[in-house]
Amino acid sequence: MDLMTEITIFVLAVFVGFEVISKVPTTLHTPLMSQTNAIHGIVMLGGLIVLGFADDGLEYVIGTIAVAFGAINIVGGFMVTDRMLGMFSRKPKPKATSDGKGGS
Amino acid sequence: MNPLFAVFEPGGDAATALYIVAFSLFIVGIKMGTHPTTAKRGNLVAAGGMAIAVVTTLLLDGMGNWGLIFLGLGIGTAVGVIASIRVQMTEMPQMVALYNGVGGGAVALIAWSEIRHGAGHEVPLDELIPILFAGVVGSVSFWGSNIAFAKLQDLIPTRPIAVPGQQVINALLLIGIVVACVSIGINNDDPSEEIFIAILLASALLGNLVVLPIGGADMPVVISLLNAFTGLSAAAAGFALDNVALIVAGTLVGSSGTILTMEMATAMNRSVGNILFSGFGGAPAGGGGGTGEEKPHVSIGAQDAAIKLAYADTVVIVPGYGLAVAQAQHAIKEVADELEKRGVTVNYAIHPVAGRMPGHMNVLLAEADVAYENLKEMEEINPEMSRTDVAVVVGANDVTNPAAKNDPDSPIAGMPIIEVSEAQEVIVIKRSLSPGFAGIDNDLFYEPNTSMLFADAKAAASEIAAEIGNL
């Protein structure tokens with residue numbers, strides 16, 4: 001890919017990022033931060049490529065650690081997000097509103 | 001090299017197409033993550049995208065070193081799984097900090113490896129500049145996140161640790177890093193690995209020095225900011241490796257993380273610059289006023305508190321940072337259960353930044369099985385306050401300080417607060433009269449309708465629950 005194509009992609013991705021999360025209820029801020037955190041675990045691909053094509057001792061070490069770090073980021077990130085969101089979904093239909101007004 | 005399953009040509013159309021599928025799923029996943037009903041599925045969608053991206057990469061032609069690859073994957077997966085199962089919900093923010101840190105660390109290591117690979121021959125600038133950026137930001141993010149983790153986990157003091165002349169040192173470090181990067185850039189026919197390692201070390205020091213002076217209460221904003229940085233550094237690594245998945249995913253995190261950071265800072269009536277450079281995030285020296293003279297206040301015990309609560313019609317619980325620290329959410333829920341048994345209406349008033357990050361308090365209370373319907377946002381509960389019999393403030397401080405509304409000279413003037421002082425009676429459960437992270441006295445404690453219950457939030461709540469049960 002040539003540089004200008006990459007920069008085009010970059011700029012468009014910036015705006016997609018802004019647009020996609022503009023309105024988020026506070027409740028979801030922590031899970032969303034955790035989810036985006038997991039997504040930048042994508043760097044593990046870089047680790048895989050670097051390690052997959054490595055050919056000296058130190059590069060093996062660096063690459064292996066990078067892959068391990070990336071895997072922690074991905075696996076841990078998505079699992080923790082899932083745990084957090086799981087708490088919201090299990091709402092065992094609380095007893096009927098006692099105060100009537102309730103609202104949301 | 002002995003490719004195990006060489007299927008895709010690196011940079012070829014098939015691999016790129018699958019990467020496009022992967023990042024589309026990330027975008028859909030984040031979008032779904034912004035709505036309560038779809039958030040959980042959204043996370044799975046994004047995780048699915050990640051699986052596609054990882055498998056595609058593993059199937060690239062020419063990949064070798066499978067033993068090491070699976071070793072790295074195995075260790076990382078095991079650590080990630082165990083850590084996420086074990087972590088307490090109250091420890092969530094530092095967990096995110098840690099995961100963010102390792103991500104930044106991975107970026108810095110990839111950059112290092114790329115420099116090593118390029119040593120001895122020319123590296124074009126459009127590759128070298130992203131590598132340098134990734135190395136610097138990745139390293140800052142790794143060390144900054146580790147410090148944030150250590151502070152939230154109480155491994156090091158959460159109060160700001162001041163380093164004399166620290167702004168100057170930071171500025172000099174930054175200048176040094178930039179100069180070193182330029183020198184590598186000028187000599188791009190043979191990039192020096194030694195200078196690059198020096199850059200990584202200087203960035204590590206910078207990461208430490210930037211985060212150390214920030215107090216524990218401001219940490220969420222810092223973590224969020226570092227999250228955005230790590231995203232950008234991942235995008236830079238994508239430029240260096242010509243990998244479209246890294247560019248798009250990293251950039252998405254960078255821009256969405258920036259918005260989240262600004263929202264958090266706004267809710268605390270702070271600017272990001274203020275948090276980073278003023279070192280105000282923990283009681284600054286001499287900023288208090290609560291320490292010297294003792295103003296008159298009413299102090300009560302758990303039994304009195306239990307009686308006040310039991311004979312009220314409406315009770316509002318205002319949970320804060322201290323509740324998260326004391327892990328008192330279950331004990332508070334017990335109090336609420338006892339009260340509801342007696343027909344008392346109990347609601348929870350959630351300040352936008354209650355807990356350790358926005359939305360964190362909701363997660364904690366959901367963990368204690370508090371019904372979603374009982375969690376009221378600040379705008380919703382404030383008009384109800386004057387009709388509330390008892391407001392119970394648990395571990396919250398600055399977000400209840402009436403000075404934000406009444407005293408235009410207060411440092412927190414204009415900050416949105418939960419107007420507990422409007423309630424008929426207020427019970428504040430707190431260890432002492434010490435100021436919160438804003439470092440100022442809370443006028444609420446000295447109002448005639450306020451009673452102070454000096455205790456650990458968890459112990460006090462359990463005791464109150466027991467006392468109500470005995471009435």
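A, B, ... follow the sequence lines: proteins, then strands. Residue 1 opens every chain.
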* Structure fact -> Scored by heavy-atom pairs under 4.5 Å with chain A, the best of Ile75(B), Val248(B), Ile82(B), Ile69(B) is Ile69(B)
* Structure fact -> Pair count under 4.5 Å, heavy atoms only, with chain A: among Ala235(B), Ser224(B), Gly101(B), Ala237(B), highest is Ser224(B)
* To do: Decide side chain to side chain contact (heavy atoms under 4.5 Å, CB included) for Asn43(B) and Met84(A); before the verdict, give the C-alpha distance in whole Å, the side-chain angles of both, and the deciding distance to 0.1 Å.
  => CA-CA 11 Å; Asn43(B) 187 49; Met84(A) 282 190 232; over 6 Å; no
* Heavy-atom closest pair, residues Gly41(A) and Met50(B) -> C-CE, 4.2 Å
* **Closest contact, heavy atoms only, Val50(A) versus Glu114(B)** => CG2-OE2, 3.8 Å
* Looking only at atom types and distance, does a side-chain atom of Arg116(B) sit under 3.5 Å from a main-chain N or O of Asp56(A), one as donor and one as acceptor? -> no
* For chain A, the option from Ile350(B), Thr77(B), Leu109(B), Asn243(B) that forms the most heavy-atom pairs under 4.5 Å -> Leu109(B)
* Greatest number of heavy atom pairs closer than 4.5 Å to chain B - which of Ile74(A), Leu32(A), Ile9(A), Leu48(A) -> Leu48(A)
* Specify which of Leu45(A), Leu3(A), Thr81(A) makes the most heavy-atom pairs with chain B at under 4.5 Å. => Leu45(A)
* Would you check if the side chain of Asn65(B) reaches a backbone N or O of Ala54(A) as a donor-acceptor pair within less than 3.5 Å? => yes
* **Option that, when pairs with chain A are counted at under 4.5 Å, heavy atom only, ranks first among Leu98(B), Val54(B), Thr16(B)** => Val54(B)
* Asked: Between Ile42(A), Val20(A), Val16(A), which is the residue that forms a side-chain contact (heavy atoms from CB on, under 4.5 Å) with Phe26(B)?
  -> Ile42(A)
* Asked: Side chain, backbone, both or neither: which part of Ser255(B) has an atom under 4.5 Å from a heavy atom of chain A?
  -> both
* Contact check, side chains of Leu252(B) and Thr36(A), non-hydrogen atoms, under 4.5 Å -> no
* Grab the two heavy atoms, one from Ala106(B) and one from Ala66(A), that are nearest each other, plus how far apart they are. => CB-O, 3.6 Å
* Asked: Which region of Met44(A), side chain (C-beta onward) or backbone (N, CA, C, O), has a non-hydrogen atom less than 4.5 Å from a non-hydrogen atom of chain B, or is it both or neither?
  -> side chain
* To do: Over all heavy atoms of both residues, which pair between Phe53(A) and Gly62(B) is shortest? Give the atoms and the distance, please.
  => CE2-O, 3.4 Å
* State which residue, out of Leu58(A), Ile49(A), Ile62(A), fulfils the side-chain contact (heavy atoms from CB on, under 4.5 Å) condition with Ser113(B). => Ile62(A)
* Kindly compute the distance separating CD1 (Ile30(B)) from CD (Gln35(A)), expressed to the nearest 0.5 Å. => 6.0 Å
* To do: Could you look at Ala83(B) and say if it's the side chain, the backbone, both or neither that has a heavy atom under 4.5 Å from chain A?
  => neither
* Asked: Below 4.5 Å, heavy atoms only, C-beta onward: do Met33(A) and Ile223(B) meet side chain to side chain?
  -> yes
* To do: State whether a side-chain donor-acceptor pair under 3.5 Å links His40(A) with Asn100(B).
  => yes
* To do: Quick one: which of Val14(A), Val11(A), Ile65(A) has the most heavy-atom pairs under 4.5 Å with chain B, could you say?
  => Val14(A)
* For chain B, find which of Val61(A), Val67(A), Asn37(A), Val75(A) contributes the most heavy-atom pairs closer than 4.5 angstrom. => Asn37(A)
* Asked: Where do Ile72(A) and Gly76(B) come nearest, in terms of heavy atoms and distance?
  -> CG1-O, 3.4 Å
* So which of Val363(B), Leu241(B), Thr37(B) has the largest heavy-atom pair count under 4.5 angstrom toward chain A? -> Val363(B)
* **Under 4.5 Å from a heavy atom of chain B, the part of Leu51(A) involved** => both
* Asked: If you take all heavy atoms of Gly103(B) and Val43(A), which pair is closest and at what distance?
  -> O-CG2, 3.9 Å
* Asked: Do Phe10(A) and Leu232(B) touch side chain to side chain, with heavy atoms closer than 4.5 Å?
  -> yes
* Asked: Are side-chain heavy atoms of Ile7(A) and Phe239(B) found at a separation under 4.5 Å?
  -> yes
* Asked: What part of Ala245(B) gets closer than 4.5 Å to chain A, counting heavy atoms only: side chain, backbone, both or neither?
  -> both
* Asked: Side chain, backbone, both or neither: which part of Leu12(A) has a heavy atom under 4.5 Å from chain B?
  -> neither
* Structure fact -> Among His117(B), Met95(B), Lys31(B), the residue with the most heavy-atom pairs under 4.5 Å to chain A is His117(B)
